[in-house]
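In the text below, chain A, chain B and the rest are named by the order of the sequence lines, each starting its count at 1.
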2 protein chains.
Amino acid sequence: MRAHRNRPTIYTVARHAGVSIATVSRALSGGSRVREETERRVVESSLKVGYRPNGAARALQRLRHGSIGVVFPNLSRPYYAGVLMGVEEAANRLGLSVLIAGTQGRPGPEQLVLDLTSKVDGLVVFGRTVPDEMIAELRRQGTPTVLLARPRVDGEDTVRSENREAARALAAHLLEHGHKSIGFIGDTHSSPDCAERWSGFLAAHQEAGLAGPAWPELSALLEAEGYQVALRLLGADNRPTALFCANDDIATGAYAAARELKLRLPGDVAITGWDDVPTARYFSPPLTTVRQPLAELGARAAELLQARVEGDESEPVNALLPTEIVFRASCGCRSRRRPRGGASS
Amino acid sequence: MRAHRNRPTIYTVARHAGVSIATVSRALSGGSRVREETERRVVESSLKVGYRPNGAARALQRLRHGSIGVVFPNLSRPYYAGVLMGVEEAANRLGLSVLIAGTQGRPGPEQLVLDLTSKVDGLVVFGRTVPDEMIAELRRQGTPTVLLARPRVDGEDTVRSENREAARALAAHLLEHGHKSIGFIGDTHSSPDCAERWSGFLAAHQEAGLAGPAWPELSALLEAEGYQVALRLLGADNRPTALFCANDDIATGAYAAARELKLRLPGDVAITGWDDVPTARYFSPPLTTVRQPLAELGARAAELLQARVEGDESEPVNALLPTEIVFRASCGCRSRRRPRGGASS
DNA sequence: GCCGCCAATGTAAAGGCTTACATAGGAGCG
DNA sequence: CGCTCCTATGTAAGCCTTTACATTGGCGGC
């Protein structure tokens with residue numbers, strides 16, 4: 001029941017090559033102070049015996065795990081998967097490994113996150129997956145943390161994409177198309193990003209001198225809920241003529257609801273999404289949506305974290321990455337071109 | 001430039017609580033042979049100083065990392081993301097952490113995988129992400145490995161979902177709908193799963209006494225390529241009346257191509273997919289597709305791997321998980337119900 | 001009242017690696 | 001020819017845990 005086959009260690013290689021373990025270590029990683037012929041012999045031996053350095057021993061000695069952790073709710077939305085890929089790609093480039101922890105369907109994220117801190121040098125934490133107190137606790141323990149897609153927290157690094165201005169511009173665009181009654185579907189409670197979009201959405205109404213809806217239509221960020229909510233909204237007597245969906249999944253549900261009610265898109269209802277999922281351009285009509293720099297969000301987070309791990313003590317960073325409105329046909333635009341005003345943010 | 005704030009160690013706690021490090025260790029993990037009052041004091045101290053055990057030291061001592069690695073191409077397809085979530089969930093349940101490695105866009109997977117083996121007890125490897133020689137090398141090094149969605153390799157554990165029989169049944173179903181000319185779109189070269197679907201697709205034709213197409217229409221498993229290929233196929237003089245797409249992304253592209261050519265679905269062309277992505281039921285018409293047990297695939301792989309890590313030396317396992325055809329309207333069925341024959345596999 | 005035993009705790013070794021410091025041996029120079 | 005210095009290599013300490021083994025002190029039994 002112990003290690004199921006004793007893996008070769010640095011001693012195995014040393015014996016095989018007839019040198020000391022220090023020389024093996026130097027030949028394989030140091031790259032310094034080893035005679036060329038010795039190095040060759042050591043490399044040969046290490047291959048022959050199938051040696052792989054033990055990461056735990058290395059981490060212990062170096063006082064660094066060489067790994068970072070990422071905490072997210074789930075991967076079923078392309079958004080999280082995309083950002084995670086960005087983290088992974090950047091981490092790999094920096095020579096770091098990535099440990100993952102999904103919080104969805106777990107009793108509480110606290111234990112999960114605490115356990116992670118035993119194995120990583122730092123943490124990337126998505127949105128509201130862990131409570132503020134936990135963030136503070138991490139700081140107290142000395143685990144560097146970068147917050148993703150979450151409003152500023154005192155003294156913590158944050159990476160987000162621009163939401164408010166893009167939402168304002170997109171809502172303004174719908175208003176320019178002549179829509180007077182636009183519904184907003186999304187979960188402003190549990191998604192900070194979503195709350196910002198709502199805020200921009202309202203701002204556009206104010207600028208146009210319109211009241212706009214009093215509340216967002218709450219819906220989980222999923223197709224099924226979007227469908228239900230859209231069905232209710234579009235089935236009402238004073239139905240909105242446009243639907244501003246907080247992400248493309250909700251928009252997907254809204255499309256289905258509109259079709260079920262025999263409403264034409266975008267003639268009877270205009271619909272917009274958010275995220276620009278790969279399939280968005282294949283919607284019928286193609287979906288007007290907002291593209292976030294997913295990979296870059298992840299990469300920035302990883303790079304920032306790495307700097308903190310290396311001891312960078314400078315002021316907390318609050319990175320805001322630009323988003324881009326992708327005008328397609330579902331908002332009422334004819335072509336897939338960008339319309340008149342420089343409404344992209 | 002060293003560790004940016006010296007984290008408390010077990011010595012810090014011991015000093016704070018006025019006991020030896022052995023007692024701290026026992027109080028925090030052993031749970032044995034410690035006076036109740038002592039345990040309380042130790043726990044209090046550990047909280048007060050913000051102690052977290054060092055995973056590297058623990059792993060070194062225990063001769064086990066307590067982590068497994070997952071190697072996949074990317075996460076942009078929901079398929080990989082879903083299986084990864086399954087791995088993560090099961091690993092968490094088993095007290096393991098998950099390290100990820102995406103191979104897409106990397107020079108070669110070899111170095112990536114080798115580096116991983118320094119930090120994990122075992123590896124879950126997707127499809128053709130790493131070459132056979134590498135698999136053999138892993139075995140030689142003593143890193144237990146489970147292969148996912150990949151045909152049997154001598155002496156290795158494999159977890160797959162059923163492809164051939166489901167594909168046969170689905171193709172037979174299309175033939176029963178009266179289709180004589182069905183196109184198959186997918187990448188049989190680089191995806192083993194896809195090759196099996198092609199094989200089942202052919203089998204259905206044989207059983208029906210039909211020749212069927214001579215080759216699969218090669219296409220990457222992405223919307224864009226599916227769109228291009230479908231456009232070519234459906235634009236030809238002797239266009240097929242049905243399209244058997246190797247996954248839902250390709251089907252998405254095919255829908256767009258059919259709409260562009262003003263073909264009605266499913267009247268002029270029937271289309272089927274594979275994977276049952278969350279949006280499939282919201283397609284217009286709703287997509288007939290095949291559901292794979294994503295989470296379970298991942299969970300089985302993780303559990304199997306864990307057993308091997310624990311020293312299980314029994315015969316290699318070759319798990320085949322059942323799939324389920326989800327009949328919706330795009331194949332020509334009226335309702336979303338399952339049609340006559342027990343065609344699900 | 002002494003011995004033995006047990007519960008609670010302490011001491012120290014081991015796990016695999018990196019690296020500061022020690023050593024050896026050869027080259028270059030006077 | 002001997003001394004110095006430098007290069008290649010070796011020796012050993014230390015990174016933080018867990019745990020086998022040692023120690024201590026109190027209690028029951030004789």
Query - Closest contact, heavy atoms only, L304(B) versus V159(B) - result: CD2-CG2, 4.0 Å
Requested in this report: Can you figure out which of dC16(D), dT18(C), dT19(D) approaches the side chain of L60(A) most closely?
Outcome: dC16(D)
**Report entry** Spacing between N54(A) atom CG and dT17(D) atom P, to the nearest angstrom
**Finding:** 16 Å
Query raised in the report: With the threshold set at 4.0 Å, does a side-chain nitrogen-carboxylate oxygen contact exist between R140(B) and E137(B)?
Result: yes
Query raised in the report: Roughly, in whole Å, what's the span from NZ in K119(B) to P in dC17(C)?
Result: 15 Å
Query raised in the report: Is a side-chain donor or acceptor of R150(A) paired with a backbone partner of G127(A) at a separation under 3.5 angstrom?
Result: yes
Query raised in the report: Of Y11(A) and T38(A), whose nearest nucleotide on DNA chain D comes first from the 5' end?
Result: T38(A)
Query raised in the report: For T9(B), which contact category applies under a 4.0 Å heavy-atom criterion: base, sugar-phosphate, or nothing?
Result: sugar-phosphate
**Report entry** Residue whose nearest DNA chain C nucleotide is more 5′ - T23(A) or E36(B)
**Finding:** E36(B)
Query raised in the report: Does R106(A) come within less than 4.0 Å of E88(B), counting only side-chain N to carboxylate O?
Result: yes
Report task. Could you pull out the closest heavy-atom pair between Y51(A) and L28(A), with the gap in Å? Result -> CE2-CD1, 3.7 Å
Report task. Choose from dG16(C), dT11(C), dA20(C) the nucleotide whose nearest atom is closest to any side-chain atom of S20(B). Result -> dT11(C)
Report summary line: Taken to the nearest whole Å, CD1/I10(B) to P/dT19(D) is 11 Å
Report task. Return yes if the base of dG10(D) and the side-chain atoms of R26(A) contain a donor-acceptor N/O pair under 3.5 Å, otherwise no. Result -> yes
Query raised in the report: Pick the nucleotide of DNA chain C nearest each of A56(B) and V19(B); which residue has the one closer to the 5' end?
Result: V19(B)
Query raised in the report: With a 3.5 Å cut-off and just heavy-atom distances, do the side chain of Q61(A) and the base of dG16(C) make a donor-acceptor pair?
Result: no
Query raised in the report: Under 4.0 Å between a side-chain N/O of R62(B) and OP1 or OP2 of dG15(C), yes or no?
Result: no
Query raised in the report: When the distance from CD1 of I21(A) to P of dT19(C) is rounded to whole Å, what number comes out?
Result: 12 Å
Query raised in the report: For L63(A) and dG16(C), what is the distance between atoms CG and P respectively, to the nearest whole Å?
Result: 19 Å
**Report entry** Given dT18(D), dT9(C), dC15(D), the nucleotide with the shortest approach to the side chain of R35(B)
**Finding:** dT9(C)
Report summary line: Rounded to whole Å, CG of D121(B) lies from P of dG15(C) at a distance of 18 Å
